[in-house]
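Right, one structure below, let's go through it.
Just so it is clear, the model here is predicted, and its values are computed rather than measured.
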Amino acid sequence: MKNNPHFAPANLRLLAVLAAFAAALLGLLWLPATHLAAQDTVVPEVPPNAENGLLIYAERCVVCHGELGDGQGIQAIEAGLEPATLADPAFKLTAVPSVMFDIISNGNLAAGMPPFGETSTNPLSEAEIWDMIALAYSFSTRPGEIAAGEALATELGADIATWPGLEYWFSRSNEQILAELASEDILGIDVSSLSQEEKLSLLDYGRSLHYTYTDPLAAFAPVEQATIGGQVLNGSTNEIVTEGEVRLRAFTAQLEEMYSETAPVGEDGRFEFQIEDVPADWVFLADVTYGDLTFNSDAVQVSVVEPTVDLPMFVFDTTTDPAVIVIDRLHMIITFTEERVTVSELYIFSNTASAVFVGESGDFAEGTVKLGLPTGADNISFQRGFGTTLDTFIPATNFVQTDTGWVDTTPLRPGAGSLNLLVNYDLPYDDGLLLAHPLTYTLVGGASVIMADAGVNITESEWISQGAQATASGSFVSYVNTNLAGATAVSLTLDGRPSQILDSQGNALPVRNETNELIVGGVALAAMLVVGFFLVQRWRAYPEVGTYPEMETTAATVPQVKTTAPSRTAVRRRDDKTTLLQAIADLDDAYEAGELDETAYQQQRQALKDRLTAVWN
């Protein structure tokens with residue numbers, strides 16, 4: 001057990017905001033506004049319920065006001081807005097419930113807030129608006145403050161049955177009530193000798209008698225005692241692994257490693273970690289070495305609601321049989337510049353075995369997945385994909401050139417979509433080109449070609465034109481070939497001189513060379529891209545800034561291979577966050593081991609952080 005003193009702010013709790021929640025536009029800002037609609041302000045008919053308000057808040061307000069009520073919601077930050085900080089006691093002091101009701105109902109368009117009352121396309125009922133107001137008070141009222149007010153009222157002999165009712169508390173701010181206490185006997189007790197803090201605790205207690213309080217910050221409190229444990233299973237044999245060590249690490253949302261500990265694997269295959277004082281924003285990642293490979297868990301978190309997490313881990317045997325590898329899809333994206341053509345080939349590989357492919361020699365450092373490229377190709381680069389969008393590809397530098405082509409030096413985990421690889425290269429182009437290269441594995445799902453509609457055609461009949469279609473990125477033409485099963489090469493002939501386009505000033509330009517735009521627009525056009533793929537091996541990659549040497553993967557820096565489900569046929573995929581977090585952790589290890597210089601390390605870590613931040617947000 002390790003007692004960890006580190007604390008980190010919970011304002012970046014790793015909970016994704018669903019797209020449907022954006023219907024709230026810029027959320028509730030609760031800033032002063034003029035009355036925009038003729039809706040009568042009312043007092044609640046029944047005590048408001050802050051628990052219900054919290055559910056509405058998660059759907060329609062968190063994007064601006066933030067999960068902590070601190071005004072740091074994603075949309076507010078991006079738009080440069082400053083919503084009310086609901087968790088600030090100063091807000092609770094001056095907030096007038098009836099004014100809040102009016103602003104929520106009628107909006108404040110000048111501040112970027114739409115109305116949520118009758119004029120809204122998705123209106124809240126009056127009761128729901130009052131529930132939101134009760135939640136606003138809950139944000140800035142700690143449970144201890146209510147308890148202190150109750151204890152003080154009991155000590156002073158207060159008769160709460162004689163205290164003002166619901167209408168009183170929901171028509172005045174705390175500041176107004178304090179002013180009335182100075183001259184009126186509102187609570188039936190002598191408060192003249194009380195401090196303002198004591199008076200405010202009485203008001204917190206009195207107001208809480210007329211709404212259902214909830215603590216919206218409870219989920220973000222540190223976990224006093226967390227337990228993370230699980231069992232290590234061999235996914236190839238479904239047998240329990242009875243020896244070894246599991247390492248558990250914790251990272252903040254700022255990607256700082258805050259905790260690292262190891263625990264033995266018992267005879268029953270189980271391991272367990274006891275961690276004290278765990279901040280709510282920590283993300284845990286475990287790994288275990290099996291043979292020459294290191295396998296990772298999914299990323300998990302604990303909370304005060306769920307302080308115990310079961311974290312199963314799976315390892316796999318290895319295979320050297322290249323027949324287990326297939327190409328599910330091949331997408332070729334072609335763009336033209338003056339006397340050159342740039343080709344981007346998107347491969348989706350699968351490992352059909354229940355074992356990790358480590359290359360035909362059995363030593364992954366000598367090569368695993370092989371690739372063939374056309375003769376004369378230059379400006380060659382490789383990128384691995386991390387998610388369901390093509391902007392999540394980052395450079396992959398584990399590829400080395402051989403006498404017959406290029407090979408990856410990273411093991412290939414079991415499962416569908418195990419590796420998603422973008423290969424880029426240039427070739428000379430003079431009104432025509434035979435583009436051909438070997439296919440080193442069976443292509444089972446066909447191939448597609450996507451290129452700008454610029455007067456260039458593919459001449460072979462096997463490549464069937466899907467016609468030209470316009471997208472937001474321009475006009476593209478696509479071809480498909482479904483007759484490549486068993487083929488040992490892919491071949492196509494390009495014919496034609498690319499046409500020119502004009503810029504906004506009327507200057508002639510080459511056809512746009514925006515590869516990513518062509519990928520996004522064209523793949524959507526062909527409707528062939530299979531999403532949901534995740535890279536899961538450990539890899540070393542540098543950003544596309546400068547030139548860096550290729551790193552050699554050795555037994556001391558073995559690849560991290562994604563864990564999968566124990567079934568031989570069903571494979572569980574890790575999400576983008578886990579993969580990127582592991583990549584950062586591996587990069588840190590490489591830097592500490594002296595494998596990277598400071599400049600390369602900082603550049604690559606920042607690139608990965610940018611990717612991970614985009615995924616988490």
Side-chain angles (χ1 to χ4, degrees), residues 235 293-296 314 316 318-333 344-360 364-373 380-390 392-400 402 405-424 437-447 490 519 523 528-541 553 558-564 571-576 578-580 582-583 586 611:
L293 302 177
T294 299
F295 298 82
N296 306 310
F314 302 95
F316 293 89
T318 60
T319 180
T320 60
D321 182 7
V324 304
I325 302 177
V326 297
I327 304 172
D328 287 334
R329 285 284 191 274
L330 172 60
H331 304 282
M332 305 176 70
I333 301 93
S344 298
E345 298 186 359
L346 177 61
Y347 289 86
I348 302 175
F349 288 98
S350 291
N351 177 354
T352 61
S354 59
V356 177
F357 179 68
V358 292
E360 296 178 47
F364 55 80
E366 295 181 4
T368 56
V369 175
K370 299 178 181 179
L371 285 173
L373 294 181
I380 300 167
S381 66
F382 303 91
Q383 293 176 287
R384 301 185 193 273
F386 281 92
T388 59
T389 59
L390 291 162
T392 58
F393 280 79
I394 65 173
T397 59
N398 286 73
F399 282 80
V400 295
T402 68
W406 290 79
V407 294
D408 194 359
T409 57
T410 303
L412 184 63
R413 70 170 177 90
S418 303
L419 172 62
N420 296 269
L421 188 67
L422 189 62
V423 184
N424 307 289
H437 64 72
L439 286 175
T440 50
Y441 304 100
T442 299
L443 177 59
V444 298
V490 60
I519 294 173
V523 171
M528 295 181 64
L529 182 60
V530 179
V531 298
F533 47 81
F534 305 103
L535 170 69
V536 292
Q537 312 91 302
R538 179 174 179 170
W539 51 267
R540 305 293 192 207
T553 306
V558 295
Q560 306 283 332
V561 182
K562 169 67 171 71
T563 62
T564 66
V571 179
R572 182 178 59 196
R573 297 176 180 171
R574 172 190 334 191
D575 60 18
D576 299 353
T578 301
T579 304
L580 287 168
Q582 182 61 50
D586 292 340
R611 297 291 190 198

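- Listed by chain and number, the residues in a ring-ring contact (aromatic ring centres under 6.0 Å, His included) with Phe382 are Phe399, Trp406 (sequence neighbours excluded).
- Here the side chains of Val490 and Met332 are in contact, with some heavy-atom distance below 4.5 Å.
- Here the shortest heavy-atom pairing between Ser344 and Leu422 reads CB-CD1, 4.2 Å.
- Residues Leu346 and Phe393 form a side-chain contact, since some pair of their non-hydrogen atoms from C-beta on lies under 4.5 Å apart.
- Residue Phe349 is tested with Leu330, Ile325, Asp408, Val326 for a side chain to side chain contact (heavy atoms under 4.5 Å, CB included); the sole match is Ile325.
- Using a distance-only test at 3.5 Å, with no hydrogens or angles considered, a donor-acceptor pair links the side chain of Thr440 to the main chain of Lys370.
- Contact detail for Glu366 and Val407: the closest heavy-atom pair is O-CG2, 4.2 Å.
- Side-chain contact between Phe316 and Leu293 is absent, with no heavy-atom pair separated by less than 4.5 Å.
- Side-chain atoms of Thr319 come within 3.5 Å of backbone atoms of Asp321 as a donor-acceptor pair (strictly under, hydrogens ignored).
- Counting heavy atoms from C-beta outward, Pro414 and Val356 have side chains that approach closer than 4.5 Å.
- Nearest approach of Gly372 to His437, heavy atoms of both residues: O-ND1, 3.2 Å.
- Side chains of Val369 and Leu421 form no contact here, defined as non-hydrogen atoms less than 4.5 Å apart.
- To the nearest 0.5 angstrom, Arg413 atom CZ is 13.5 Å from Ser354 atom OG.
- For Asp328 (side chain) and Gly445 (main-chain N/O), no donor-acceptor pair under 3.5 Å exists by modelled atom type.
- Remark: side-chain polar atoms of Thr368 are not paired, donor with acceptor, to backbone N or O of Pro411 under 3.5 angstrom.
- For the pair Asn351 (side chain) and Leu412 (backbone), a donor-acceptor distance under 3.5 Å is present.
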